[in-house]
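Following: one structure in C-alpha cells, then a few remarks.
Sequence lines set the chain letters: A, B, ... in the order given, protein chains first and strands last, and positions in each chain run from 1.
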Number of protein chains: 2
Amino acid sequence: MRTGLSREDIIKIAAEMADEKSAAGVTFKALAVRLGIKSPSLYKHFSGGLDELNREIMLYGWRLMDGEITQAVIGKEKDDAFIDLCYAYRKFVSRHQGLYEAMQWYNMYDSEEHLRASEGAVGVICRALSSYGLTEEQKVHTVRMIRAFLQGFSTIEVNIGKDHPVTLDDSFDFALKTMLGGIADIQR
Amino acid sequence: MRTGLSREDIIKIAAEMADEKSAAGVTFKALAVRLGIKSPSLYKHFSGGLDELNREIMLYGWRLMDGEITQAVIGKEKDDAFIDLCYAYRKFVSRHQGLYEAMQWYNMYDSEEHLRASEGAVGVICRALSSYGLTEEQKVHTVRMIRAFLQGFSTIEVNIGKDHPVTLDDSFDFALKTMLGGIADIQR
DNA sequence: TACAATAGCTAATGTGATTAGCTTTTTCGG
DNA sequence: CCGAAAAAGCTAATCACATTAGCTATTGTA
C-alpha cells in the first residue's frame, strides 16, 4: 500500500519526531513505524540513508526558522526590529528543541546548502541592522556577534534548569540591551 | 596482558581520539583497538558503557578548560582579564574541537556534575567582572551573555570556512569590544 | 602462599543501518 | 484502454557496534 506522502511530508514528520523525542531519536526504524512502512522502504525516498534525512531535517529547520523570524520583523526597524528578531529566534528554539538540535548538525555537512538555507535569516539580521549606520564590515561583525549570542544562549537555555533566582528572560533582555548599547557606542 | 592504564588515562586518550576524529568517532570498538584490548573489556573500567565514558570525557574537557582559562587571567583585571579569558576560551576550542563537541553533551546528562565542573570557569568570569561595579544580578546576566557568546561563536567558528574577507579574528575582537562598551554604559 | 579483586578474553545477543532482489502500484505514451 | 516503466513497498540477509554472560589469568596482599 502506498502512503501517498511526499519527500517533504516525510521530512516534516521526521522534524516533528525530533521535537517530540530528540534529534537522535529520529531513526529510520522509528520513522518507518510512524509512517506505517518498513525501514528499508525509506531508502526509496532517501537513497543516501539516514545521513541524507538528517541533512534535510537540518535544512528544513533553517528554512522554517527563517520564515518565522522574517515575519517577526516585518514593518519594523532599528531596535524594534532587532529585539523582535532575537525574541523570534528564541521562541522558535523553545518550541522546536529537537529540531534545533538537528539544525546544529550543519557542522557535519557541506556548508553550501546550509549557507543558502540560513542566508535568509542572516539577511533579516542584516536588514534589521541597516538603520544603524554601520560600515559593511561592522555589519558583518555585528551579524556574527548576534548569531553567536543567539545560538549560544539557546543551547544553554535548552539545558539549564529554570530554578535560578535570576531568570533567563531577564538575562536575555539584559544581553540584548547591552549589545545594543555597545553598537550605539560605535558611532561615537 | 594488563595495560596498566588507569581510568583517568583512558579518559584522556579518549579525549585525544575525539580531537583527532570527532566526538562521535569515539566508539568502544575504536578505543579498544587504540588501547590494544577488546571492547568488552572496557566495561571493567566503565560499567555504565559508552554513556558513562562520554560523560567522563565531557567532564574532563570542562575541567581542562577551566584550568587553562584560570591560568590565562592570573594577575589580570578589568578589560585585560575579560579579554584574555575570552581568548583563552576560544584558543582552547580551536585546539580541542572534538573534545569541545563532547563537552556540549552536558545537555544529555545530569546538570549537577557539569555544574560543578564548569563552575570553576564561571567563577573565573565572575571574578574578571568583579571590578566593573555591577550588581550581583547584573553580574549573573553578564556571565550568561559572555558564556552564550563564547559558546555560540566557538560553535560557528568550528564550522565556518575561513575564506570570508572579514576575518573571524576581527569579528571576535569587535564583539568583545562592543560588549565591553555595553557593559560600561550600564554604569551611566 | 593462597585468595579475592582486577582486568582481560571469547562467544552470543540485540538494535539499527544498509543492501539486494522481488512485487505491487501508478503513471503515461500510444 | 493497454502495456511498459518508474515508483514505492516488502522480505531476507549482512554489517557495525554496544552490550551481556561467563570464563581465565594476573596481581597485590593478609
Side-chain angles (χ1 to χ4, degrees), chain A residues 1-60 98-99 101-102 104-105 107-110, chain B residues 1-60 98-99 101-102 104-105 107-110:
Chain A
M1 188 193 20
R2 304 275 177 113
T3 62
L5 293 172
S6 70
R7 181 181 162 97
E8 271 307 308
D9 292 334
I10 296 176
I11 292 166
K12 212 158 156 178
I13 290 171
E16 283 164 18
M17 275 184 57
D19 281 335
E20 285 158 19
K21 310 182 168 193
S22 74
V26 180
T27 64
F28 261 26
K29 186 154 251 185
L31 180 56
V33 168
R34 168 76 162 260
L35 297 173
I37 61 178
K38 304 293 175 177
S39 61
S41 306
L42 281 166
Y43 289 82
K44 298 294 174 176
H45 300 279
F46 306 95
S47 59
L50 189 54
D51 225 51
E52 182 180 344
L53 172 63
N54 282 147
R55 172 194 250 96
E56 291 301 332
I57 294 173
M58 183 269 288
L59 293 171
Y60 168 78
L99 180 54
E101 229 188 292
Q104 300 313 115
W105 293 344
N107 327 347
M108 293 186 291
Y109 305 109
D110 232 337
Chain B
M1 191 189 25
R2 303 275 175 114
T3 61
L5 293 172
S6 71
R7 183 182 161 96
E8 271 306 309
D9 291 334
I10 296 176
I11 292 166
K12 212 157 155 180
I13 290 171
E16 283 164 19
M17 275 185 56
D19 281 335
E20 286 157 19
K21 311 180 166 195
S22 75
V26 180
T27 63
F28 262 24
K29 186 153 248 182
L31 179 57
V33 168
R34 167 77 161 259
L35 297 173
I37 60 178
K38 304 294 175 177
S39 62
S41 304
L42 281 166
Y43 288 83
K44 298 295 172 174
H45 300 278
F46 306 95
S47 60
L50 189 54
D51 226 51
E52 182 180 345
L53 173 63
N54 282 147
R55 172 195 250 95
E56 291 301 331
I57 295 174
M58 183 270 286
L59 293 170
Y60 168 79
L99 179 55
E101 229 187 294
Q104 300 314 116
W105 292 344
N107 327 345
M108 293 184 290
Y109 304 109
D110 232 336

Check the distance between C/dA17's C1' and A/L53's CG and give it to me in whole angstrom.
13 Å
Measure the distance from CZ on B/F28 to C1' on D/dT19 and round it to the nearest whole Å.
9 Å
Residue A/T27, side-chain atoms from C-beta onward, closest of D/dT19, D/dC17, C/dG16
C/dG16
Check whether any side-chain nitrogen or oxygen of B/T3 sits under 4.0 Å from OP1 or OP2 of C/dG8, and answer yes or no.
yes
Gap between atoms CG and C1', on A/N54 and C/dG16 respectively (whole Å)
13 Å
I'd like to know if B/R2 reaches the base of D/dT27 with its side chain such that a donor and an acceptor end up less than 3.5 angstrom apart.
no
A/D51 CG to C/dT19 P, in whole Å, measures 11 Å
Has B/H45 got a side-chain N or O lying under 4.0 Å from the OP1 or OP2 atom of C/dG8?
yes
Atom pair distance, as rounded to whole Å: CG in A/L50 and P in D/dA16
17 Å
Starting from P on D/dT20, measure out to NZ on B/K44 and report it in whole angstrom.
12 Å
Closest to side chain of B/K29, choosing from D/dA12, D/dA18, C/dA17:
D/dA18
One should read off an interatomic distance between A/L42 CG and A/L50 CG, to the nearest 0.5 angstrom, of 9.5 Å
Hey, can you tell me if A/F46 and A/F28 have their rings parallel, tilted or perpendicular (30° and 60° cut-offs)?
tilted
Can B/E52 and B/R7 be said to form a salt bridge (Lys or Arg N to Asp or Glu O under 4.0 Å), step by step?
CA-CA 12 Å; B/E52 182 180 345; B/R7 183 182 161 96; 3.0 Å; yes
For a quick check of understanding: with a heavy-atom distance under 4.0 Å over all strands, which category does B/S41 fall into, base, sugar-phosphate or nothing?
base
Calculate, to the nearest 0.5 Å, the distance between atoms CD1 and NZ belonging to B/I10 and B/K12 respectively.
13.0 Å
Beyond-backbone contact of B/M58 with B/Q104, side-chain heavy atoms, under 4.5 angstrom:
no
Write down the distance between NZ (B/K38) and P (D/dG22), rounded to a whole number of angstrom.
22 Å
B/R7 CZ to C/dG8 P: how many Å, rounded?
14 Å
